[in-house]
Amino acid sequence: MNKLHDWPEPVIRVQSLSESGLKSIPERYIKPATDRPSLNVEEDPSNMDVNIPIIDLTGLSEDGNNLPQSTMDQISLACREWGFFQVVNHGVCPGFMDQVRETWRSFFHLPMEMKQAYANSPKTYEGYGSRLGIEKGAILDWSDYYYLHYLPLTLKDYNKWPAPPDSCREVIDEYGKELVKLGGRIMKVLSISLGLKEDRLQNAFGGDNFGACLRVNFYPKCPQPELALGLSSHSDPGGLTLLLTDHQVSGLQVRKDDKWITVKPAPHAFIVNIGDQIQVLSNANYKSVEHRVIVNSDMERLSLGFFYNPKSDIPIQPMEELVSTDKPALYSPMTFDEYRLFIRLRGPKGKSQIESLHSPR
């Protein structure tokens, strides 16, 4: 039997646990002491005013890049030092962003039996899920999610998308089209900021044959948030991530200089982060950075992660323009399919996944 066909034990929906009124969380969700979040911000007041860079994309359109050099420099610095930045004036309508977020919120508040119709398996992860990785007895994250494909079109399957609430599929489809366009614009900027031709990074992704998928994360209220994580520490395995978060509820934390910085989302911004594949292609000039999600006892939280990925079956390796005798290739070739399988078997494990791929010296 294919080891990816089934979950190793019965799946429990975290939202059901949360809504049952339990006062303490099951042992399966209690993180080791070293991984637990510090929820007392007073411990390190130096972090309270720190935020990932916010970058204004006014001047970046489908027709061309008219961003000032100062903005290009900001993006390059953010990719080298943070691996994360927020973008505003990005071209996606704020009202539509709100509509998409609230449509998904409505889905997660449907009766459980309606959501269960879309339950996923570890074979493709598509659909309604509550765990990553298939390690039996693993400590789990305090979240449920929905995962679906946009591109390539051979993987796009409307039947695996939720039909309720009303017009949900149309909203999801339109969102995908908007974010594919935005992702393409940002890819050009990243390519130029690496000193390459604007289409070089996109071509390394497979040109027009790239992949795109969506993971909507739902973080229910947690009675003991100091013991749990909504999403364990990891770096994103794909190329580029565009994240739409709740305005009111923060939860995303980014690792910087061995400290966890809680991201303060700007209104109607997208949070952009570099994935492992761009770290490889850029020969580690641009870094994918560890991040995690904390939960709270007062409010649920929703976020939408849109992943802009390389074609799944082409070898990804450092681009030759960024390899020299001074800086040889740091990674051996590996397809995104191979890398993704590697991660799906193991679940989220900080930066250890990509670090283990360093070329032998």
Identify all side-chain donor-acceptor contacts of residues 301-310 below 3.5 Å with residues at least two apart in sequence or on another chain.
residue	atom	partner	partner atom	Å
Arg301	NE	Val249	O	3.2
Ser303	OG	Asn217	ND2	3.2
Tyr308	OH	Gln202	OE1	2.6
Tyr308	OH	Gln202	NE2	3.3
Asn309	OD1	Gly239	N	3.0

> In terms of side-chain geometry, is the basic nitrogen of Glu19 or Lys221 positioned less than 4.0 Å from the acidic oxygen of its partner?
Replying inline: no
>> Using ring centroids (six-membered ring only for Trp), state whether His109 and Phe218 fall under 6.0 Å.
In response: yes
>> I need the full list of ring-ring contact (aromatic ring centres under 6.0 Å, His included) pairs touching residues 64-84, with sequence neighbours left out, sorted by first then second residue.
In response: Phe84-His291
> Distance-only, no hydrogens or angles: does the Asn65 side chain make a donor-acceptor pair with backbone N or O of Leu67 under 3.5 Å?
Replying inline: yes
> Under a 4.5 Å cut-off applied to non-hydrogen side-chain atoms, are Asp173 and Arg169 in contact?
Replying inline: no
> Quick one: ring pair (Phe, Tyr, Trp, His ring centres under 6.0 Å) partners of Trp104, sequence neighbours excluded?
Replying inline: Phe107, Tyr146
> Would you call the rings of Phe270 and Tyr175 parallel, tilted or perpendicular if under 30° counts as parallel and over 60° as perpendicular?
Replying inline: tilted
> Is it true that Arg215 and Glu126 make a salt bridge, defined as a side-chain N closer than 4.0 Å to a carboxylate O?
Replying inline: no
> Are Ile139 and Tyr29 connected in a single hydrophobic cluster, I mean Ile/Leu/Val/Met/Phe/Trp/Tyr linked by side-chain heavy atoms less than 4.5 Å apart?
Replying inline: no
>> Check Glu321 with Arg200, please: is the shortest side-chain N to carboxylate O separation under 4.0 Å?
In response: yes
>> If you count heavy atoms of other groups shown closer than 6.0 angstrom to NZ of Lys197, is the number above 12?
In response: no
> Pick from Val14, Val11, Ile12: which one makes a side-chain contact (heavy atoms from CB on, under 4.5 Å) with Asp144?
Replying inline: Val14
>> Before you tell me yes or no, could you show the steps for Lys31 and Asp141 under salt bridge (Lys or Arg N to Asp or Glu O under 4.0 Å), namely the whole-Å CA-CA distance, both residues' side-chain angles and the distance that decides it to 0.1 Å?
In response: CA-CA 9 Å; Lys31 297 293 179 187; Asp141 291 338; 2.7 Å; yes
